[in-house]
Each structure stands twice: as C-alpha cells, then as structure tokens.
Amino acid sequence: MSKRPSDSKGFETRAIHSGRDFVGDTGAVTPPIWLTSTFEYGNPNGFDYTRSGNPNFRLLDRTVASLEGAAHATSFGSGVSAITAIVSTLKSGDVVLAEENIYGCTFRLFSQVFAKFGVEVRYVDFTDPASLEGVANHAPALVWIESPTNPNLKIIDIAAVADVSHAADASLVVDNTFASSYLQRPVELGADLSLISLTKYSNGHSDALVGSVCTNSDEWHEKMTFAQKALGLQPSPMDCWLTLRGAKTEAIRMERHSSNALAFATFLEHETDAVTVRYPFLPSHPQYELAKRQMAAGSGIVTVDFGRSLEDTIKMVGALSLFPRAESLGGIESLVCHPASMTHAAIPKETREAVGITDSLVRFSVGIETVEDLIDDVRDALQA
Ligand SMILES: *Cc1c(COP(=O)(O)O)cnc(C)c1O
C-alpha cells in the first residue's frame with residue numbers, strides 16, 4: 001500500500017506502479033500469480049476464497065481504477081461476464097435504454113438471456129438529439145451506450161447522455177472497450193459505470209480474457225463485488241496477471257495504434273476507391289469534433305466499405321498477409337474482420353444491412369506493426 005503512487009502521477013507511472021503490492025518481504029519486483037482457491041481464515045488482507053477475491057484481482061483492480069480515474073474497479077472473467085454482472089442487478093420490469101449500434105454479444109445477452117427474466121431493452125440512436133431529449137419518457141433503470149460503437153464507429157456524447165440519464169434517475173453505463181482508458185475516461189465524463197473488456201487494449205497481447213467495471217459509487221461497487229462472487233463471474237489469477245502486465249504498456253501501445261490507424265485510414269480514404277472510410281479522427285467522420293473533445297486520439301479500429309461484391313470482398317480480405325481473419329481487436333497484431341462472412345454470417349442480408357453491415361464492409365483492427373507494411377499489404381490485396 002505504501003508504494004501505491006498517488007493519483008497525481010501520470011498515466012504511464014500509474015500503469016506501471018499501481019500493481020506493486022503484496023510481495024511481502026521477498027523483494028520481487030514483479031508480483032507472483034496466486035494460484036490458490038482458498039485462503040487461511042483471519043489473514044490480514046481479508047481474502048477468503050478466490051471466487052470473491054484474490055491478490056491478482058486486487059492488483060489489477062487498483063491499476064484499472066486508477067487508469068480510469070475511478071474510485072473502484074471490479075474484475076470479471078470476461079467483458080461479457082462484466083456485462084452480466086451489471087444487468088444482474090436489474091429486476092423484472094426494468095427498462096434498459098440502449099444505443100442501437102451496440103456490441104453483438106451485449107445484444108445477444110439482452111435478447112436471448114435477460115429478456116427471459118423480464119428485463120426490457122429499447123434501442124435508440126444516441127447520435128440523434130431527439131433520442132437524448134426522449135430518455136426520461138422511457139423511465140429507464142439503465143442507459144447503455146458505447147463509444148466508439150462497433151462496427152460503425154459512431155461517437156456518442158458521453159457527458160450529454162450522462163446529464164439526461166441522471167435527470168431521468170437512470171444510471172449510465174458506457175462500454176469503453178473500443179476507446180481504452182488511455183484515450184477516454186467515461187467516469188470522469190459523468191458515467192456511473194465504465195465497462196471495459198480488458199481482453200482487448202488493456203491486455204493488448206490476445207492471450208487472456210478479463211472484464212472490468214469501474215465506478216465512483218460505493219453502492220455500485222458493492223453490487224459488482226456481490227455479483228462477482230454470487231454469480232461466479234470471477235476472472236482467473238493467471239489472466240489478471242497477464243492483463244496487468246499488458247496494462248503497463250497501454251499508453252505507448254495506444255499512441256502507436258492511434259497513429260498507425262490514422263495513417264492507415266488516411267491512405268484508404270485518399271488513395272483507394274473505398275466508398276466510405278470510418279475513423280473518428282478523420283475530418284470526414286460525422287462526429288469528428290466530438291471525438292476530438294472526448295478522446296485523446298482515435299484508437300485502432302478502422303471500418304471501410306470497399307463497395308465490392310461479397311465474393312470480391314472475401315477474396316480481397318483473404319489476400320491480406322499481415323491481417324489474419326479473426327474476431328476480436330486491440331492486440332498488438334493487426335486483424336481483419338469481414339462481418340458479412342464472419343461475425344454476422346448467420347444474420348439475413350436485409351437485417352444486417354438495416355444496421356449498416358453491408359457485404360462489402362470490412363473492419364480492421366490496426367496493430368502496432370510498421371504502418372507502411374500494413375498499407376502495402378492492403379494496396380496489394382486490393383489489386384490482386
Ligand atoms: C469484446 C467486447 C466485449 C466482450 O468482451 P469479452 O472479453 O470478449 O467477453 C464487450 N464489449 C465490446 C465493445 C467488445 O469489443
């Protein structure tokens with residue numbers, strides 16, 4: 001505890017030093033992994049059983065809370081477990097007012113799991129001012145947004161949505177996964193809960209799954225630690241250790257992800273025949289000014305519509321050599337996702353297109369490789 005830096009230190013310093021703790025008198029600079037299911041009764045740190053707490057969770061929670069500028073963080077086995085923890089606090093009849101371009105697994109949890117328990121979710125477009133004005137009419141228990149959204153990269157005004165949510169007595173949840181704590185801090189902007197899939201940018205190396213919920217509210221924090229143990233949503237000590245190691249380099253990785261993605265998006269917009277290129281820090285983005293106010297940089301995701309047929313788009317994506325086709329994002333390695341043939345293949349074409357997922361839409365997760373190589377790879381694949 002004595003080595004925990006005060007929050008007046010910089011992001012990079014807190015990322016590296018907040019997790020130095022619990023090493024006892026061993027002098028270990030890097031904490032061990034506490035692979036134990038249970039703890040001896042009466043230990044001074046208050047641990048009892050790993051489902052409700054473990055030193056590796058605590059080190060990660062302190063770091064994530066500090067980086068998000070929040071009083072508390074609670075870690076879970078994945079981002080989806082973190083979502084489950086939040087929604088599990090609702091009761092039958094409660095309404096969630098959600099952004100319509102929400103992450104697919106969040107939508108699936110709402111529609112195929114929590115709907116059965118009587119939680120009603122209504123969807124609106126939060127870039128439309130009328131949606132903000134109408135929040136109170138729904139009397140929601142929770143308002144649920146993400147920014148940037150997946151895969152359309154819409155930017156939603158977190159502070160404005162926080163104001164209207166609070167005026168309607170609702171708590172605001174922001175899924176901060178696409179932005180990362182380094183680039184955007186929803187709790188500082190007024191959100192009650194910031195939810196992060198640490199699997200993505202915080203870990204950054206595609207080798208573990210962890211989720212986290214950050215808040216300034218003692219009451220919400222209590223609900224989250226209760227959900228962790230009561231629903232069995234805890235992460236593994238090993239995954240927390242890997243994620244804490246990843247978080248130490250989050251700042252420099254996010255700088256490179258963002259500068260690479262901006263160069264990559266600029267290339268696509270100006271030097272290819274792409275129909276649309278979506279990137280929050282391109283001046284052509286519909287919410288460019290808001291993105292610059294709310295985020296420190298644009299993060300690593302670029303969504304492109306090449307305007308080609310389904311077959312040609314699949315061929316082009318398959319011709320890339322530095323972008324493996326894979327779900328997920330936020331790792332140091334670049335990845336490409338073609339929603340129409342991968343994540344959204346089971347959804348009928350008309351339904352997909354209604355939410356902007358055309359046959360020719362491609363989502364790049366731009367890694368931290370040499371950006372000229374990434375650009376050359378796409379140039380070659382477009383010509384193949
Ligand atoms: C990946 C992701 C999640 C879910 O996280 P997991 O760790 O994969 O369970 C939630 N929200 C967003 C925006 C994501 O990208």
Side-chain angles (χ1 to χ4, degrees), residues 57 60 64 68 73-88 96 98-114 121 123 126 142 144-156 158 173-181 183-184 186 191 193-214 224 227-228 231-236 238-240 242-244 246-247 254 257 261 278 280 295 298-303 326-331 335-337 339 342-344 355 357 363-367:
F57 305 0
L60 181 62
V64 172
E68 279 278 318
T74 310
S75 19
F76 298 96
S78 65
V80 164
S81 307
I83 298 166
T84 303
I86 298 171
V87 186
S88 77
V96 179
E99 159 56 34
E100 62 184 8
N101 182 214
I102 207 150
Y103 179 66
C105 298
T106 310
F107 178 80
R108 184 174 58 196
L109 256 183
F110 284 152
S111 62
Q112 294 188 39
V113 181
F114 286 103
V121 183
Y123 294 94
F126 273 106
L142 290 181
W144 197 292
I145 62 173
E146 50 191 77
S147 185
T149 66
N150 176 47
N152 298 340
L153 305 180
K154 282 160 65 174
I155 302 295
I156 294 165
I158 296 172
V173 183
V174 178
D175 185 330
N176 200 33
T177 303
F178 269 43
S180 83
S181 316
L183 301 180
Q184 173 173 283
L193 302 172
S194 176
L195 151 78
I196 324 165
S197 169
L198 302 178
T199 309
K200 315 291 172 49
Y201 285 115
S202 311
N203 172 290
H205 295 74
S206 310
D207 55 14
L209 280 87
V210 185
S212 186
V213 178
C214 300
M224 291 300 96
Q228 185 191 56
L231 280 80
L233 298 173
Q234 79 289 342
S236 83
M238 173 87 181
D239 284 354
C240 288
L242 285 165
T243 302
L244 182 60
M254 292 318 297
H257 278 296
R278 267 293 177 97
M295 302 173 73
S299 194
I301 313 297
V302 180
T303 301
E327 292 183 29
S328 199
L329 58 112
L335 298 175
V336 65
C337 175
M342 294 168 58
T343 45
H344 295 67
V355 290
I357 302 183
R363 189 192 79 185
F364 292 95
S365 174
V366 178

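One-based numbering, in listed order, for ligands and for the atoms of each. Note that the structure is predicted; figures quoted are calculated from it, not measured.
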Polar side-chain atom of T149 near backbone of K154 as donor-acceptor pair, under 3.5 Å: yes

Gap between atom OG1 of T243 and atom CG of D207 - 0.5 Å precision: 7.5 Å

Distance-only side-chain donor-acceptor flag, E68 / S194, under 3.5 Å: yes

side-chain contact (heavy atoms from CB on, under 4.5 Å) against A261, all qualifying residues, sequence neighbours excluded: Y279, V302, V366

Shell of residues surrounding ligand 1, defined by a 4.0 angstrom heavy-atom cut-off that is strict: S78, G79, V80, Y103, D175, T177, F178, S197, T199, K200, L329

Aromatic ring pairing F107/Y123, orientation class (parallel under 30°, perpendicular over 60°, tilted between): tilted

Residues S78 and S81: side-chain donor-acceptor under 3.5 angstrom: yes

